[in-house]
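This report refers to the structure that appears directly beneath it.
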Amino acid sequence: MAIATINPATGELLKTFEPLNDAEIAEKLDLAQQAFEKYQKISFQERSVWMQKAAEILEQEKADFAKIMTLEMGKPFKAAIAEVEKCAHVCRYYAEHAAEFLADVSVKTDASHSFVKYQPLGIILAVMPWNFPFWQVFRFVAPALMAGNVGLLKHASNVPQCALAIEEIIQRAGFPTGVFQTLLIGAAKVADLMSDDRVKAATLTGSEPAGASLAAASGKQIKKTVLELGGSDPFIVLESADLEAAVTTATTARMLNNGQSCIAAKRFIVVETIADKFEKLLLEKFQALKIGDPMESETDLGPLATPDIIKDLDQQVQVGVKNGAKVLTGGHALSDRPGNYYPPTILTDISPDNPVAQEEFFGPVAMLFRVPDIDAAIKIANATPFGLGASAWTTNSQERDRLIEEIEAGSVFINGMVKSDPRLPFGGIKRSGYGRELSIQGIHEFVNVKTVWVK
Ligand code: NAP
């Protein structure tokens with residue numbers, strides 16, 4: 001895949017970038033290693049001043065950064081602004097809490113003094129996707145750099161200007177040269193990087209094949225990875241739910257980021273007694289969404305990031321239909337305009353053996369399932385290879401406790417949509433990946449947990 005900016009709203013090629021050659025990659029690795037030697041010894045206090053400065057730059061120039069995101073991957077500008085603000089939040093969160101999260105922990109044993117000490121590992125490689133081009137990177141950068149590691153970013157090939165802008169923010173914030181660098185490289189170079197002794201670990205957010213490929217390359221080298229992969233999150237609505245609130249949130253949770261979010265609600269599982277009403281309201285909400293130029297403030301749904309995503313989504317919908325699904329609205333790419341536009345789509349009548357029932361739709365397509373009761377709802381919710389997030393709606397406390405206990409996912413949100421928050425751990429189980437980002441768990445992923453025993 002060429003490294004280039006192509007405006008998804010128009011299809012116009014705006015800028016291409018030459019990938020780094022092997023000598024240039026080697027230079028960046030040398031620089032990162034040299035930076036680590038000194039940076040690991042710098043105090044939390046000093047790191048935190050730079051991290052706060054990064055937050056300040058993000059906040060002060062949010063419109064400029066948001067514009068780059070919208071231009072490169074098509075998310076509505078207002079959502080891009082919110083994303084930059086969230087990046088500032090995660091920088092501040094770790095600037096304020098890293099010292100406390102990584103403080104020595106004293107443990108009583110047979111020693112005169114024993115404790116656990118956390119130390120940085122060195123160079124961490126981050127392989128990141130285009131869908132939240134700033135947020136995905138900052139939720140890695142903030143804990144990794146505060147812990148004393150240094151970062152190399154291999155960003156998705158369609159968001160090079162975002163990748164370069166982030167490198168510049170970190171430099172301008174005052175971090176020493178080499179502490180965070182963007183590598184403009186293709187995916188094929190990732191395995192080589194993992195085989196370099198100086199690269200100690202990696203994190204990847206993206207598709208299952210990419211995750212499996214990085215895990216295999218890292219496994220050969222016995223290096224740790226964190227993987228944040230796909231999801232087909234259930235959104236369960238039971239009879240006692242506040243239906244209006246559930247449908248409004250369902251629409252937001254499916255359409256966020258033009259439908260291209262790993263934690264978007266993708267499978268709507270509704271009990272039969274309220275299913276007709278839910279379906280009617282959801283249809284109304286979907287059809288009321290304004291599709292258009294992502295730079296316009298009234299746009300709800302912008303273009304998908306690349307023509308390939310449209311092609312894949314279209315094909316998935318057709319497979320679903322061939323296997324018995326019905327299209328309630330949408331169902332075909334929009335051909336009346338340039339750019340990668342796909343309308344809000346609802347699929348119903350999806351039998352358990354329809355292959356798409358198990359798949360992730362990475363675009364504005366909702367699957368609607370009707371179930372007789374909570375048992376059937378939980379069974380369908382768990383009947384996918386994924387286990388990222390789940391949203392469930394009920395006001396009955398017994399039902400709530402069962403949903404929390406029995407849903408197989410990295411997170412369960414009751415009466416709210418799944419979202420990431422710097423204060424809460426984020427990640428999945430099953431084929432959605434392993435490891436956690438954010439919160440205290442996130443900063444503990446890339447450190448040596450050193451046991452110290454002194455007699
Ligand atoms: P993708 O193709 O896997 O790309 C993600 C990143 O991995 C890009 O930087 C890509 O580089 C790189 N990559 C691709 N193949 C690779 C390989 N074989 N080895 C090493 N790196 C490789 O993902 P996508 O299709 O753009 O993103 C959508 C997927 O990401 C969805 O499944 C979504 O659910 C998931 N996602 C998960 C989370 C989460 O937190 N769990 C968050 C966001 C997205 P190139 O661009 O150069 O190919």
Side-chain angles (χ1 to χ4, degrees), residues 1-6 8 17 19-20 72-75 83 125-140 152-160 162-163 182-195 199 202-219 225-233 256-266 304-313 316 359-363 384-389 409-411 418-421 424-438 442:
M1 197 170 157
I3 300 175
T5 301
I6 301 172
F17 294 79
L20 298 179
E72 291 200 305
M73 53 67 65
K75 78 172 62 210
E83 181 169 336
L125 174 68
V127 182
M128 291 292 148
W130 46 265
N131 62 340
F132 292 94
F134 267 58
W135 169 242
Q136 304 284 3
V137 177
F138 273 96
R139 77 183 186 188
F140 155 73
L152 289 178
L153 169 67
K154 182 268 176 278
H155 216 326
S157 294
N158 57 333
V159 289
C162 289
T182 282
L183 306 178
L184 291 181
I185 53 171
K189 290 283 178 201
V190 169
D192 292 348
L193 280 169
M194 288 318 292
S195 66
V199 176
T203 179
L204 180 144
T205 299
S207 61
E208 286 175 77
S213 158
L214 178 78
S218 311
T225 50
V226 166
L227 299 181
E228 300 284 5
L229 309 179
S232 185
D233 285 8
L256 183 81
N257 214 35
N258 303 336
Q260 305 157 120
S261 166
C262 53
I263 48 168
K266 292 170 186 145
L304 301 190
T306 66
D308 278 353
I309 297 171
I310 287 262
K311 219 170 77 201
D312 292 349
L313 200 63
Q316 257 181 312
E359 290 176 7
E360 175 185 31
F361 280 88
F362 214 59
T384 71
F386 301 108
L388 197 52
S411 67
V418 180
K419 58 185 181 189
S420 58
D421 178 321
L424 291 168
F426 182 91
I429 56 168
K430 295 159 79 177
R431 293 184 74 86
S432 291
Y434 51 74
R436 290 292 179 267
E437 294 191 279
L438 303 176

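Not measured: the values here are computed from a predicted model. Order of appearance sets the numbers: ligands from 1, and atoms from 1 within every ligand.
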Please classify the L388 to ligand 1 contact at 4.0 Å (heavy-atom distances, strictly less than): side chain, backbone, both or neither. side chain
Against heavy atoms of F426, which atoms of ligand 1 measure under 4.0 Å? 40 (O)
Under 4.0 Å to a heavy atom of C262 - the qualifying atoms of ligand 1, by number: 34 (O), 36 (N), 37 (C), 38 (C), 39 (C), 40 (O), 41 (N), 42 (C), 43 (C), 44 (C)
Using a 3.5 Å cut-off on N or O atoms only, is N158 in polar contact with ligand 1? no
So is F132 touching ligand 1 or not, going by heavy atoms under 4.0 Å? no
So which bit of L214 gets within less than 4.0 Å of ligand 1, heavy atoms only: side chain, backbone, both or neither? neither
Are V127 and ligand 1 in contact, using a heavy-atom cut-off of under 4.0 Å? yes
Q136: numbered ligand 1 atoms lying under 4.0 Å from its heavy atoms: 42 (C), 43 (C)
Would you please name every residue forming a ring pair (Phe, Tyr, Trp, His ring centres under 6.0 Å) with F362, sequence neighbours left out? W130
Side chain, backbone, both or neither: which applies to E360 and ligand 1 if a contact is any heavy-atom pair less than 4.0 Å apart? side chain
Considering the heavy atoms of S157, write down every atom of ligand 1 situated less than 4.0 Å from one of them. 45 (P), 46 (O), 47 (O)
Per-atom filter on ligand 1: closer than 4.0 angstrom to a heavy atom of H155 are 9 (O)
Determine, for F426 and R139, whether the Lys NZ or Arg CZ falls below 6.0 Å from the six-membered ring centre while staying within 45 degrees of the axis. yes
Establish whether atom 41 (N) of ligand 1 and some protein heavy atom are separated by less than 4.0 angstrom. yes
Applied to residues 205-216, the salt bridge (Lys or Arg N to Asp or Glu O under 4.0 Å) test, sequence neighbours excluded, yields E208-R431
Nearest option to atom 2 (O) of ligand 1, as decided by whichever heavy atom of P160, S207, S420 sits closest: S207
If the cut-off is 4.0 Å to any non-hydrogen atom of K154, which atoms of ligand 1 fall inside it? 9 (O), 11 (O), 45 (P), 47 (O)
Any non-hydrogen atom of E208 lying under 4.0 Å from ligand 1? no
At what distance is the nearest protein heavy atom to atom 27 (O) of ligand 1, and which residue and atom is it? W130 NE1, 4.0 Å
I need the atoms of ligand 1 closer than 4.0 Å to a non-hydrogen atom of N131, numbered in the order shown. 43 (C), 44 (C)
When distances are taken from atom 14 (C) of ligand 1, the protein heavy atom at minimum range is A210 CB, 3.7 Å
Mind checking whether R139 has a heavy atom under 4.0 Å from ligand 1? yes
Just checking, any donor-acceptor pair under 3.5 angstrom between side chains of E360 and S232? no
